[in-house]
Amino acid sequence: MTAGYLQPDCHPAPIRYHALFIHSRYSLTLMHITPEHRRHAQDLLNFIDASPSPWHAVDTLAERLRASGYTRLDEREPWSLEAGGRHYVVRGGSSLIAFRLGEARPAESGYRIIGAHTDSPGLRLKPKAAHGTDSLLRLGVEIYGGPILATFTDRDLSLAGRVSLRTAEGIDTRLIRFETAMARLPNLAIHMNRKVNDDGLKLNKQTELPLILGTLENALPPAEQFLSLLAERALCPLSDLLSFELNVHDIQPGAFWGAAGEFIADGQIDNLSSCHAGLTALLQAPPAVPTAVCAFFDHEEIGSASHKGADGSFLEDLLERLTLSRPMDATAHKRALARSLMLSADAAHAYHPNFPGAYEPLHAIQVNGGPAVKINVNQRYATDGPAAAHFMELCRRTGVPGQTYVHRTDLGCGSTIGPMTAARLGIPTLDCGTPMWAMHSARESAGVLDQLWFSAVLILFLVDA
Ligand code: CO
């Protein structure tokens with residue numbers, strides 16, 4: 001935890017210029033949960049439930065941006081941009097960058113960039129997914145990233161993603177989702193798996209992960225039985241369906257839990273909670289001198305090396321276009337980058353009292369204890385000393401408690417998009433996020449207070465010149 005402003009009698013000044021109610025004390029009690037905290041947490045759950053795949057997450061982001069007056073730009077076209085202009089760009093259907101141009105030129109004031117990721121670990125359908133075994137129709141899956149596989153058993157699963165099809169105008173790609181619990185990965189009964197509670201649930205990734213989709217219809221080959229469902233959902237003839245990318249998601253909506261409803265549970269809290277906080281900050285931040293940018297990337301969970309990932313050219317390409325949208329000299333873009341700051345927002349590991357040995361004792365962070373800055377000397381997180389100080393000052397000035405996370409020295413540390421965007425762009429970067437339990441489970445948990453607090457800190461980050 002950060003020092004200095006955690007004493008119960010410390011009353012930092014709240015943000016003057018936005019509507020969020022921010023608490024001025026760290027001495028947390030459940031009384032601190034205001035209707036505003038609850039509304040904000042409910043809005044996060046709605047955002048997640050509307051986004052069962054990274055393609056849907058981008059669609060949800062775009063819809064909210066349009067509702068707030070942002071317009072979409074096409075990377076293939078020239079852009080005419082003006083101070084204060086609010087726009088967004090989509091690349092590859094599942095990465096999106098939104099920005100609001102500042103009052104000053106980027107070369108004079110730089111960029112304030114929030115980065116987060118739209119993807120979550122889980123199961124994805126193989127291209128030839130459908131097959132029949134005995135009387136059952138099954139779906140073969142690949143593992144995307146590093147999910148806790150056992151958590152996908154016995155859940156109400158469904159499919160969401162996109163399909164590409166042939167039309168008179170060429171290939172068209174459409175989002176589809178199924179709302180019903182159409183697929184399932186039933187556990188093996190304990191009577192055939194007697195040691196499951198001693199050894200944990202182990203699943204063979206090739207043979208024991210296929211989902212049960214239904215009962216085979218004798219008249220139809222399995223592929224046709226399955227693809228007809230997709231074609232019907234995409235409103236196209238089966239013969240026009242060319243390819244699909246489908247994510248397996250849990251249809252159970254997000255929920256509040258805990259004796260006082262002080263926690264939330266949902267899928268994909270890592271990292272749609274950070275996308276939601278970044279979007280909230282961008283939409284609520286008052287006009288400012290620097291240019292505000294929110295970059296939401298797909299493919300973080302699998303290393304980010306793709307044409308739309310954080311280790312690709314998307315953010316660089318966009319920033320260069322923004323700088324050069326006004327007539328400037330040859331050094332303008334380098335000067336803009338040199339004046340910029342990035343905040344890499346990604347969920348953090350909260351202390352779990354059943355497993356005290358999993359945490360670094362002096363750097364354990366608490367759910368509902370405030371957002372955490374993440375530090376790793378080997379640059380698995382990009383934060384350096386000045387960036388950590390910046391985070392602590394953002395927290396103090398918004399009246400939000402801040403925490404400091406360091407992974408145990410004897411455990412391998414995860415990473416974020418922070419180090420790679422810092423390396424590509426040469427921009428100092430702050431890695432931080434809200435504390436959560438059960439990261440990469442099909443059903444993750446977090447705190448009602450932290451989400452609003454994090455949004456408040458991000459608002460100040462964007463507008464601070
Ligand atoms: Co993450």
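On a predicted model such as this, the values are computed, not experimentally measured, just so you know.
- What you find for Thr434 and Asp450 is that their closest heavy atoms are CG2-O, 3.6 Å.
- Of all the heavy atoms in Asn247 and Pro52, the pair that sits closest is ND2-O, 2.9 Å.
- Summarising the local packing, CD of Glu63 is surrounded by 12 or fewer heavy atoms from other residues, nucleotides or ligands at distances under 6.0 Å.
- In this structure, the side chain of Tyr359 engages the main chain of Ala350 through a donor-acceptor pair within 3.5 Å.
- Salt-bridge annotation for Glu245 and Arg162: present, with a side-chain N of the basic residue lying under 4.0 Å from a carboxylate O of the acidic one.
- Of the possible polar contacts, one joining the Arg112 side chain to the Asp464 backbone as a donor-acceptor pair under 3.5 Å is found.
- Side-chain N/O atoms of Thr429 and Ser344 include no donor and acceptor closer than 3.5 Å.
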Check your understanding: Taking it one step at a time, do His363 and Gln403 satisfy side-chain contact (heavy atoms from CB on, under 4.5 Å)?
Key -> CA-CA 8 Å; His363 301 87; Gln403 309 189 73; over 6 Å; no
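- The closest donor-acceptor contact from the side chain of Ser340 to the backbone of Tyr111 lies under 3.5 Å.
- Side-chain atoms of Ser164 never come within 3.5 Å of backbone atoms of Thr173 as a donor-acceptor pair (strictly under, hydrogens ignored).
- No hydrogens or angles considered: a donor-acceptor pair under 3.5 Å links the side chains of Thr416 and Asp431.
- More than 12 non-hydrogen atoms from other residues, nucleotides or ligands lie less than 6.0 angstrom from CD of Glu179.
- Annotation for Leu282 and Ala292: closest pair CD1-CB, 3.8 Å, computed over non-hydrogen atoms.
- The backbone N or O of Val457 lies less than 3.5 Å from no partner atom in the side chain of Thr398, so there is not a single donor-acceptor pair.
- The minimum heavy-atom distance linking Asp74 with Trp79 is given by the pair O-NE1, 2.8 Å.
- Residues Leu157 and Phe152 share a closest heavy-atom pair of CD1-O, 3.7 Å.
- Side-chain contact, Ser455 with His40: a donor N or O sits under 3.5 Å from an acceptor N or O.
- Among the candidates Glu320, Arg91, Arg424, the single residue satisfying the side-chain hydrogen bond (donor to acceptor under 3.5 Å, both in side chains) test with Ser313 is Arg91.
- Neither side chain, His117 nor Asp298, offers a donor N or O lying under 3.5 Å from an acceptor on the other.
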Practice item. Tell me, with the steps shown, if Arg166 and Asp172 meet salt bridge (Lys or Arg N to Asp or Glu O under 4.0 Å). Key: CA-CA 6 Å; Arg166 186 186 305 111; Asp172 185 23; over 6 Å; no
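- The line from CG of Leu230 to CG of Leu125 is 8.0 Å long, rounded to the nearest 0.5 Å.
- The existence of a salt bridge linking Asp43 and Arg64 is confirmed by a sub-4.0 Å separation between a basic side-chain nitrogen and an acidic carboxylate oxygen.
- Once rounded to the nearest 0.5 Å, the distance linking CZ of Phe391 with OG1 of Thr383 reads 9.0 Å.
- Judged by distance alone, with hydrogens and angles left aside, the side-chain atoms of Ser306 form a donor-acceptor pair with the main-chain N or O of Gly309 at under 3.5 Å.
- Annotation: Lys126, atom NZ; neighbour count of heavy atoms from other residues, nucleotides and ligands within 6.0 Å is above 12.
- Arg72 forms no cation-pi arrangement with Tyr88, by the criterion of a distance under 6.0 Å to the ring centre and an angle within 45° of the ring axis.
- Counting only N and O atoms by type, the side chains of His299 and Ser304 include no donor and acceptor under 3.5 Å apart.
- Checking side-chain atoms of Arg184 against main-chain N and O of Arg155 turns up a donor-acceptor pair under 3.5 Å.
- Just one residue in the list Arg396, Arg397, His390 forms a side-chain hydrogen bond (donor to acceptor under 3.5 Å, both in side chains) with Glu393, and that residue is Arg396.
- A cation-pi arrangement is present between Arg38 and Phe256 under the rule of less than 6.0 angstrom and at most 45 degrees off the ring axis.
- Donor-acceptor pairing under 3.5 Å is lacking for the side chains of Ser273 and His276.
- Side chain of Glu444 to backbone of His440: a donor-acceptor contact under 3.5 angstrom is found.
- By the 6.0 Å contact criterion, CD1 on Ile171 is open, its count of non-hydrogen atoms from other residues, nucleotides or ligands being 12 or less.
- Ring-centre distance between Trp437 and Phe263: below the 6.0 Å cut-off.
- Applying the side-chain contact (heavy atoms from CB on, under 4.5 Å) criterion to Asn376, with sequence neighbours excluded, gives Asn378, Arg380, Tyr381, Cys413.
- For Ala150 against Leu201, the heavy-atom pair with the smallest separation is CB-CD2, 3.7 Å.
- When each of Thr60, Asn46, Thr118 is tested with Ser51 by the rule side-chain hydrogen bond (donor to acceptor under 3.5 Å, both in side chains), just one qualifies, namely Thr60.
- Between the side chains of His87 and Thr71, a donor-acceptor pair is found at a separation under 3.5 Å.
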